[in-house]
Amino acid sequence: MNSDDNNYSDIIDEIFDRAIYGPKIFKNKLVLFHDYIPKRLLFREEQISKLARHLTTLIKHQRTSNLFIYGKPGTGKTAVTRYVINRLLEKIKGTDFKFIFSYVNCRLAGTEYRVIKYMADSIGLKLPFTGLSTEEAFNRLKNHLVNLKKPFLVVLDEVDALIIRYGDNLLYSLTRLNYDESDIIAMIIGISNDLRFKEMLDPRVLSSLSEEEIIFKPYTATELEQILWDRIQLAFFDNTVDQGAVKLAAAISGSENGDARKALDLIRVAGEIVEAQGGNKITTDHIKMAYNSIDRERTLEVIRTLPLHSKLIIGALYLMTIGGQNNRIKSSVLYQKYSLLTGEIGESPLSSRRFYSLLTELSLLGIVNRRIDNYGRRGGRVTTVKFDVPLTLIKKSLVEDPIIGDLLINKFD
DNA sequence: TTTCCACCGGAAAATGAGGTCC
DNA sequence: GGACCTCATTTTCCGGTGGAAA
């Protein structure tokens with residue numbers, strides 16, 4: 001065993017000892033995660049009552065109107081919806097009131113076909129991953145609903161993601177279930193972060209989906225503070241969170257769209273930092289560290305999960321940046337460098353069209369910054385790019401890559 | 001006012017890998 | 001086994017763009 005092995009052994013022992021024998025501040029960390037639904041939801045009494053009243057028509061087997069829920073991310077739309085539906089399911093257990101329920105996150109599902117498959121799976125109908133036309137899959141779902149003879153409640157979360165990409169065909173078919181000869185009673189609850197997608201809906205779908213609406217306003221910093229204290233009591237042991245730390249986490253999240261999830265993330269990551277350091281109290285400094293850490297981890301994770309050619313573009317830009325070339329790199333020059341790099345790992349470069357698409361994606365992800373300058377008849381329009389994140393982060397994420405890491409590591413040094 | 005440059009990006013088609021159905 | 005399906009990725013084609021130069 002050499003001296004390096006001894007050093008690593010000491011570090012690892014220290015980390016494990018701290019985890020096993022060090023002070024503990026978390027009582028139940030799970031309550032700080034996004035999918036946890038608390039027993040009470042603060043500042044959402046009005047929305048809870050409205051949704052609960054709306055759902056009563058369904059359990060009475062009455063034809064009912066659909067519902068559209070709108071609000072910024074982290075304002076409690078999904079939590080309130082799942083909370084009220086869970087309460088209703090508990091309430092009707094053992095009674096004659098019955099309905100079948102399906103929850104689908106349209107952004108995660110991705111395509112119309114998969115939204116139908118998620119709905120089918122959750123009501124006990126097996127559909128293949130692929131091989132059927134979307135129309136055939138929907139017909140099978142519809143026939144299954146006819147056989148079940150129970151009202152059908154479907155929650156389409158992030159429904160805007162589906163509409164923007166595939167149009168409103170599926171939504172139209174779902175809204176028509178109530179009006180054809182099949183005798184199905186169906187209620188659609190659409191949840192969206194973005195009201196603008198309604199402009200893309202067919203007027204018939206729009207009027208059907210927006211019969212009732214519930215708006216979720218962003219939480220204020222004061223409300224976020226109370227929500228945090230409510231959750232802290234469940235998540236941490238007594239006297240392990242400083243009052244100032246909670247105020248700061250609430251203020252940061254309040255200034256960023258009143259996002260409660262962000263506030264919970266800050267407290268959770270700050271708690272993890274305190275435990276890793278062997279400390280026993282979360283302070284404002286830990287919240288600041290958590291804020292930087294979340295940002296940094298997000299960037300690293302985004303770059304790690306990018307496809308190979310996006311990483312090659314980043315690699316080419318990195319090499320040109322550290323190579324002392326201009327602060328901003330021309331996109332056409334970057335394409336040449338990227339093409340050379342792909343050749344070095346035995347790959348063919350993608351077309352310039354595809355290259356521009358990937359560059360646009362990197363810009364939207366906040367990894368590179370694009371600027372368009374115009375040099376007129378002689379120079380034309382020129383797009384230049386530079387990194388929008390620290391070069392140390394770029395290097396760290398690229399050298400970890402099994403394919404291009406080895407290739408680039410020699411050039412880095 | 002028109003021309004020209006160097007891209008940029010929408011639309012449609014191609015491709016290939018997964019699958020079902022008859 | 002062949003016809004047909006979805007889906008993600010990529011290519012091809014081509015019109016649009018803004019502003020300096022002609």
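Residue numbers start from 1 in every chain, and the chains themselves are labelled A, B, ... in the order their sequence lines are given, proteins ahead of strands. Predicted model, so just to flag it, every value in this text is computed and none were measured.
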Could a donor-acceptor pair under 3.5 angstrom be found where the side chain of A:Arg354 meets the base of C:dT11?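 Answer is no: no donor-acceptor pair is held.
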Measure distances between side-chain N and O atoms of A:Arg353 and base N and O atoms of B:dG10, and say whether any donor-acceptor pair falls under 3.5 Å.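 By the distance-only test, yes, there is a pair.
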Within 6.0 angstrom of A:Glu400 CD, more than 12 heavy atoms from elsewhere: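 It does: A:Glu400 CD has more than 12 such atoms within range.
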Under 4.0 Å: is that the gap between some side-chain N or O of [X] and OP1 or OP2 of [N]?
X        : N      : answer
A:Ser352 : B:dC7  : no
A:Ser332 : B:dA6  : no
A:Ser351 : C:dT12 : no

So, A:Phe236 versus A:Phe26, ring centres under 6.0 angstrom or not?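 When the ring centroids of A:Phe236 and A:Phe26 are compared, they turn out to be within the sub-6.0 Å range.
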Would you kindly give the [atom1]-to-[atom2] distance between [X] and [N], to the nearest whole Å?
X        : N      : atom1 : atom2 : value
A:Gln336 : B:dC7  : CD    : C1'   : 14 Å
A:Glu136 : B:dC22 : CD    : P     : 8 Å
A:Asn139 : B:dT20 : CG    : P     : 19 Å
A:Phe138 : C:dT6  : CZ    : C1'   : 18 Å
A:Ile372 : B:dC7  : CD1   : C1'   : 9 Å
A:Leu127 : B:dG19 : CG    : C1'   : 13 Å

Is a donor on one side and an acceptor on the other found under 3.5 Å between the side chain of A:Asn369 and the backbone of A:Lys386?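 Not confirmed, A:Asn369 side chain does not pair with A:Lys386 backbone.
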Would you say the side-chain atoms of A:Ser293 pair up with the backbone N or O of A:Met289, donor to acceptor, closer than 3.5 Å?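 No; judged by distance alone, with no hydrogens or angles, the pair does not exist.
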Considering heavy-atom distances to DNA chain B, does A:Phe129 or A:Asn374 have its closest nucleotide positioned more toward the 5' end?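 By nearest-heavy-atom nucleotide position, the 5'-most residue is A:Asn374.
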